Asks: 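Got a structure here, written out as structure tokens. Questions coming.
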Amino acid sequence: MSEVGSLAQSWTEQLAELLNVWRDENLIGDPLLESYKEMVTEDMIMGLSVVQRRNLRDYLVNKGVDVRRGTGVRVLNALLELLGEPVPTNNISTGMNNLSLQ
């Protein structure tokens, strides 16, 4: 298996383990959010597939975690925001912010 493939499998396995822990401990709401912040990393989120990210977001929402969602909200951004990570933007810089008035 390639290194990339094994990393993806590793993130998938870690996610499955986390979900089992959260289910076993019956975590909901703020305790679940705190556990998410302690146990999930940006690398893990980035390593998950789009479907896995959506499933993780939906799990958190269904368990009472306040996750930003709706039209125009990227699942990736919503999951990163929960970690307190800076969210990448897809905006194209026009260079206007570098101009100064004289």
Side-chain angles (χ1 to χ4, degrees):
M1 182 180 289
S2 72
E3 185 176 332
V4 172
S6 63
L7 281 175
Q9 183 177 0
S10 173
W11 298 131
T12 300
E13 291 169 357
Q14 285 186 29
L15 176 60
E17 289 176 25
L18 281 175
L19 291 172
N20 285 332
V21 167
W22 293 338
R23 286 183 190 115
D24 290 346
E25 295 182 9
N26 198 26
L27 293 179
I28 58 172
D30 288 338
L32 176 57
L33 177 58
E34 289 306 313
S35 180
Y36 174 86
K37 289 178 178 181
E38 291 172 5
M39 301 175 85
V40 175
T41 65
E42 179 180 358
D43 287 340
M44 180 182 180
I45 293 170
M46 298 302 282
L48 297 173
S49 71
V50 173
V51 171
Q52 290 169 319
R53 290 178 194 154
R54 187 177 309 118
N55 290 341
L56 175 57
R57 189 259 336 251
D58 291 347
Y59 179 86
L60 294 170
V61 167
N62 291 333
K63 295 296 183 177
V65 175
D66 187 22
V67 180
R68 196 166 64 95
R69 61 190 179 126
T71 304
V73 177
R74 294 179 62 209
V75 173
L76 173 63
N77 291 355
L79 292 173
L80 291 175
E81 286 171 358
L82 290 177
L83 294 176
E85 297 290 334
V87 177
T89 60
N90 290 338
N91 299 339
I92 298 173
S93 175
T94 60
M96 296 297 285
N97 53 0
N98 293 329
L99 297 178
S100 62
L101 299 175
Q102 296 181 0

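Every value quoted in this text rests on a predicted model; they were computed, and no experiment measured them.
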Asks: Which residues pass the side-chain contact (heavy atoms from CB on, under 4.5 Å) test with Glu25, sequence neighbours left out?
Replies: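 Expected list: Val21, Leu27.
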
Asks: Can you pull the side chain to side chain donor-acceptor pair (under 3.5 Å) pairs that have at least one residue in residues 28-38, sequence neighbours excluded?
Replies: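 As it turns out, the side chain to side chain donor-acceptor pair (under 3.5 Å) pairs with a partner in residues 28-38, which skip direct neighbours, are Trp22-Ser35.
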
Asks: Taking the side chain as every heavy atom from C-beta outward, state whether Ile45 and Leu80 have any pair of such atoms under 4.5 Å apart.
Replies: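 Counting from C-beta outward, Ile45 and Leu80 do come under 4.5 Å.
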
Asks: Donor-acceptor pairs are to be reported for all side-chain atoms of residues 56-67 against protein atoms at under 3.5 Å, with residues two or more places apart or in another chain.
Replies:
from  : atom 1 : to    : atom 2 : distance (Å)
Asn62 : ND2    : Asp58 : O      : 3.1

Asks: Can you get from Leu82 to Val73 by hopping between Ile, Leu, Val, Met, Phe, Trp and Tyr side chains that sit under 4.5 Å apart?
Replies: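 Result: no, two separate clusters.
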
Asks: Working to the nearest 0.5 Å, report the span between CE of Met44 and CD of Gln14.
Replies: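 With rounding to 0.5 Å, CE (Met44) is 5.5 Å from CD (Gln14).
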
Asks: Among the clusters formed by ILVMFWY side chains lying less than 4.5 Å apart, do Leu33 and Ile28 turn up in the same one?
Replies: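 No: no chain of side-chain contacts under 4.5 Å links Leu33 to Ile28.
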
Asks: Just to verify, what does Thr41 make a side-chain hydrogen bond (donor to acceptor under 3.5 Å, both in side chains) with, not counting sequence neighbours?
Replies: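 For Thr41 there are no side-chain hydrogen bond (donor to acceptor under 3.5 Å, both in side chains) partners, ignoring immediate neighbours.
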
Asks: Hydrophobic cluster membership, with links at side-chain heavy-atom distances under 4.5 Å among I/L/V/M/F/W/Y: are Met39 and Leu83 in one?
Replies: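 Same cluster: Met39 reaches Leu83 through Ile, Leu, Val, Met, Phe, Trp or Tyr contacts under 4.5 Å.
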
Asks: Please check if the side chain of Arg53 supplies one atom and the backbone of Met46 the other of a donor-acceptor pair under 3.5 Å.
Replies: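 Checked: pair present.
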
Asks: How many angstroms lie between CG in Leu76 and CD in Glu42, if you round to the nearest 0.5 Å?
Replies: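 It is 8.5 Å, given to the nearest 0.5 Å.
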
Asks: Using 0.5 Å steps for rounding, measure from the CG atom of Leu18 to the CZ atom of Arg23.
Replies: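 If I round to the nearest 0.5 Å, the distance is 10.5 Å.
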
